[in-house]
Amino acid sequence: MLRHVLSAGQYTRQSLEELFDLASNIKANPEKYSKSIEGKIVATMFYEPSTRTRLSFETAVLRLGGQVISTENASSNSSVKKGETLKDTVRVLQNYADAIVIRHSDVNSATDAASVSRVPILNAGSGKGEHPTQALLDMYTIREKRGKIDGVKVAILGDLVYGRTIHSLIKLLALYNDVEIYGLSKKDFMLPQEYIDFLKEKNINYTICNSFNDIPKDIDVMYHTRIQQERFEGDFGKEEYIINKEVLSNFSENTIVLHPLPRTGEISEDIDDDPRALYFEQAGNGLYIRMGLLLQAFNKEVVE
Ligand code: NCD
């Protein structure tokens with residue numbers, strides 16, 4: 001069976017733990033994997049802008065000994081300009097590459113691509129839908145810091161409507177026991193009902209907050225996100241809920257602050273040196289998770 005990464009929903013607790021163990025193994029001993037996918041070519045097709053995701057995927061391929069063919073600006077490529085569908089592009093690319101990493105504005109892009117592909121597809125962001133590899137590295141970072149995920153209390157902030165990393169994160173958190181989620185956002189960016197229903201179905205308490213005061217002081221994780229201005233018409237103004245030194249001083253010394261990045265003012269630079277500010281470390285973990293995902297896609301994973 002092909003090992004696509006399409007949605008956070010495809011993971012189980014066990015498959016997550018396997019990936020995390022693999023990523024930790026790679027992180028502790030990266031040289032051991034430096035030739036693991038020698039001879040493999042991975043295509044990265046980005047129809048939307050990206051810095052971290054594309055470069056960490058490409059670094060992951062190179063660190064595993066593979067090679068990359070890449071287009072950073074796929075939406076202005078000849079195939080799109082000429083009206084080629086994503087499916088046709090995949091039908092062609094699979095003749096050149098052994099795996100394809102795709103970021104695209106359509107929520108169904110990854111599943112559409114997988115439906116015609118005989119090589120693994122890795123979803124690097126599908127519109128406002130999902131961003132599973134980001135949520136995997138988010139969960140990995142939480143587990144690394146906290147030791148476990150059961151019982152975790154997470155506040156999600158920012159753009160809960162269009163923030164695809166949030167949607168994938170919710171699906172992964174739902175695999176664990178005694179999880180509590182708190183949402184704090186401007187009115188126009190509150191968590192859509194379908195996700196509230198999903199959490200209810202999974203017996204996860206979801207609390208809508210109206211200010212930082214409504215978030216428990218001993219919250220484990222504050223996960224902020226950028227308002228995804230490029231995904232909607234109109235201007236709903238700037239983020240109101242900014243995590244800065246003063247805000248953070250009200251929370252526990254064990255509270256960690258995460259953000260998928262890029263930040264656009266929702267986390268103030270005055271907390272960057274606080275040991276609880278883990279967003280850059282989180283981005284660093286993206287490399288090991290993506291190396292792990294590539295090893296799995298090529299059935300080359302070994303955990304010792
Ligand atoms: C996120 C994305 O593209 O969804 N970025 C990322 O991959 N780290 C978040 C964002 O763009 O705000």
Side-chain angles (χ1 to χ4, degrees), residues 5-9 23 44-61 70-75 101-110 121-142 154 156-172 183-186 188-189 191-192 195 221-232 235-239 241-243 256-268 277-294:
V5 179
L6 305 180
S7 161
T44 56
M45 292 291 292
F46 280 69
Y47 292 82
E48 290 187 336
S50 169
T51 308
R52 269 153 297 273
T53 307
R54 187 171 67 88
L55 293 182
S56 66
F57 256 120
E58 295 186 357
T59 307
V61 175
S70 176
T71 163
E72 110 174 81
N73 209 351
S75 52
V101 180
I102 297 179
R103 167 172 289 189
H104 193 281
S105 57
D106 189 324
V107 289
N108 297 316
S109 50
I121 300 290
L122 296 111
N123 180 2
S126 45
K128 65 170 183 171
E130 282 219 46
H131 193 348
T133 69
Q134 175 70 44
L136 290 166
L137 74 92
D138 300 339
M139 295 289 283
Y140 177 76
T141 307
I142 297 172
V154 181
I156 50 176
L157 295 94
D159 187 343
L160 312 182
V161 176
Y162 300 98
R164 55 192 173 193
T165 71
I166 294 272
H167 304 156
S168 293
L169 185 65
I170 283 174
K171 290 187 182 171
L172 295 183
L184 177 62
S185 67
K186 289 173 56 160
D188 294 306
F189 300 100
L191 193 66
Y195 293 100
V221 181
M222 287 213 274
Y223 186 100
H224 217 323
T225 57
R226 171 182 72 88
I227 291 185
Q228 309 276 301
Q229 184 63 55
E230 69 278 23
R231 301 209 184 279
F232 52 84
D235 185 357
F236 294 102
K238 288 207 175 332
E239 179 55 73
Y241 303 107
I242 293 169
I243 304 181
I256 62 170
V257 182
L258 300 180
H259 192 303
L261 304 177
R263 63 176 160 182
T264 51
E266 50 289 334
I267 295 181
S268 153
L278 287 190
Y279 25 91
F280 294 118
E281 217 173 305
Q282 176 191 2
N285 280 336
L287 175 63
Y288 307 110
I289 285 291
R290 290 180 174 121
M291 285 171 80
L293 291 170
L294 286 161

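Just so you know, ligand 1 is whichever comes first in the structure, and atom 1 is the first atom listed for that ligand.
- Side-chain N/O atoms of Gln134 and Thr165 include no donor and acceptor closer than 3.5 Å.
- Within the 6.0 Å centre-distance limit, the rings of Phe189 and Phe232 are counted as a close aromatic pair.
- Ring-centre distance between Tyr195 and His167: below the 6.0 Å cut-off.
- The distance from ligand 1 to the heavy atoms of His131 drops below 4.0 Å at these ligand atoms: 2 (C), 4 (O), 6 (C), 7 (O).
- Residue Thr165 has no N or O atom closer than 3.5 Å to an N or O atom of ligand 1.
- Remark: the backbone N or O of Leu157 is paired with a side-chain donor or acceptor of Thr225 at under 3.5 angstrom.
- In summary, the aromatic rings of Tyr47 and His104 are positioned with their centroids under 6.0 Å apart.
- With ligand atoms numbered from 1 in the order given, ligand 1 contributes 3 (O), 7 (O) to contacts under 4.0 Å with heavy atoms of Arg103.
- Cation-pi check for Arg290 over Phe57 is met; the charged atom lies under 6.0 angstrom from the ring centroid and within 45 degrees of its normal.
- Heavy atoms of Leu261 found under 4.0 angstrom from ligand 1 belong exclusively to the backbone.
- For atom 2 (C) of ligand 1, the nearest non-hydrogen atom from the set Arg231, Gln282, Arg164, Arg263 comes from Arg164.
- Atom numbering of ligand 1 starts at 1 in the shown order; those under 4.0 Å from a heavy atom of Thr53 are 6 (C), 7 (O).
- Taking a cut-off of under 4.0 Å to the non-hydrogen atoms of Arg226, the atoms of ligand 1 that pass are 10 (C), 11 (O), 12 (O).
- A heavy-atom separation below 4.0 Å is not found between Glu48 and ligand 1.
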